[in-house]
Amino acid sequence: MARIIALVNQKGGVGKTTTAVNLAAYLARLGQKVLLVDIDPQANASAGFGVRMGDNDRHVYHVLFEPPTITDIIKPTDLSSLHILPAHPDLAGAAVELVGAEGREYKLQQALEIAIVNYDTILIDCPPSLGLLTINGLVAADEVLIPIQAEYYALEGLGQLLHTIHLIQTHLKPNLGICGALITMYDSRSRLGAAVIQEIKNHFPNKLFDTFIPRNVRLAEAPSYGQPIVVYDPLSRGAVAYEALARELLSRWENKDEVLLNNQT
Ligand code: ATP
Ligand code: MG
């Protein structure tokens, strides 16, 4: 069964998609079978792999309303063990249509059920809002990964995000956990860094990833070639950081599994 991680932060432009694309690519390179689910109408994660949908192609919107079709809609990428469930601007309409739908918070979870056995990890790239699409992402997930841009206003909105996660744990998905908070676009020359990082640590005790993602122009260039950084420039600082993040995540999971196993025996 796949572990499912939603990348969430209602703040725009903090590195959710860059992290989803490149973490997915490195997990696949490290031997995992990975599905990247794009539930953002901006479809940036899809474009990040060079997947552009025509008006007649089916995409994640159709999955939300016709769950059995998911395996026909998932597409391969240039990395052999990485698949993508693409988005399309039409998905914006789904956010409205979902409002009146029965079980509207559970649509993505239901749709993913038949795909779960085919993957080790499923990453869900959420839009910059706490609306129904993001709620579908959170309810479908086991864990939340929160990318936080290292800047003065980094913590703005975090309280609201944590409150939403808490509401989902209380009403919709009791075992939703926090996978971790990730510092993105870090600039070691900026004096701001240390103070912001200390504040984030206070918000997420033991949950901040040791890996920081540096600000690196190669990461920003890669999507325009439809390539993850592992293909576009694997020696760049951004690439090294995302590989380290993938390794850190895998080793956290191994330790967790060991603890579970020891408790059972
Ligand atoms: P949205 O909320 O709109 O979905 P997002 O949180 O998914 O945005 P991204 O699209 O990943 O954020 O990043 C925003 C912009 O910053 C993009 O142009 C991206 O290429 C750039 N960017 C992301 N991470 C880095 C980085 N570490 N270094 C330099 N540029 C970056
Ligand atoms: Mg995005």
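Ligands are counted one by one from 1 in listed order, and the atoms in each one are counted from 1 as well.
Between Thr19 and ligand 1, not a single N/O pair is under 3.5 Å apart. Checked by distance only, ligand 1 and Pro223 stay at 3.5 Å or farther apart across all their nitrogen or oxygen atoms. No N or O atom of Arg215 sits closer than 3.5 Å to an N or O atom of ligand 1.
For atom 25 (C) of ligand 1, the nearest protein heavy atom lies closer than 4.0 Å. Remark: atom 18 (O) of ligand 1 lies closer than 4.0 Å to no protein heavy atom. The nearest protein heavy atom to atom 15 (C) of ligand 1 is not closer than 4.0 Å.
Taking the six-membered ring where the residue is Trp, Tyr186 and Phe212 present perpendicular rings, their angle passing 60° and hence far from 30°.
Annotation: Tyr232 is in aromatic contact with Tyr225 [ring centroid separation under 6.0 Å].
Atom 4 (O) of ligand 1 has its nearest heavy-atom neighbour, among Arg218, Met185, Gln42, Lys11, in Gln42. Compare Gln149, Gln10, Lys16 by their heavy atoms: the one nearest to atom 5 (P) of ligand 1 is in Lys16.
Listed by number with element, the atoms of ligand 1 under 4.0 angstrom from any heavy atom of Ile213 are 27 (N). Within ligand 1, the atoms closer than 4.0 Å to a non-hydrogen atom of Pro214 are 26 (C), 27 (N), 28 (N), numbered from 1 in the order shown.
Looking at Thr17 against ligand 1, both its backbone and its side chain come within 4.0 Å, counting heavy atoms. Of the heavy atoms in Asp40, only side-chain atoms (C-beta onward) come closer than 4.0 Å to ligand 1.
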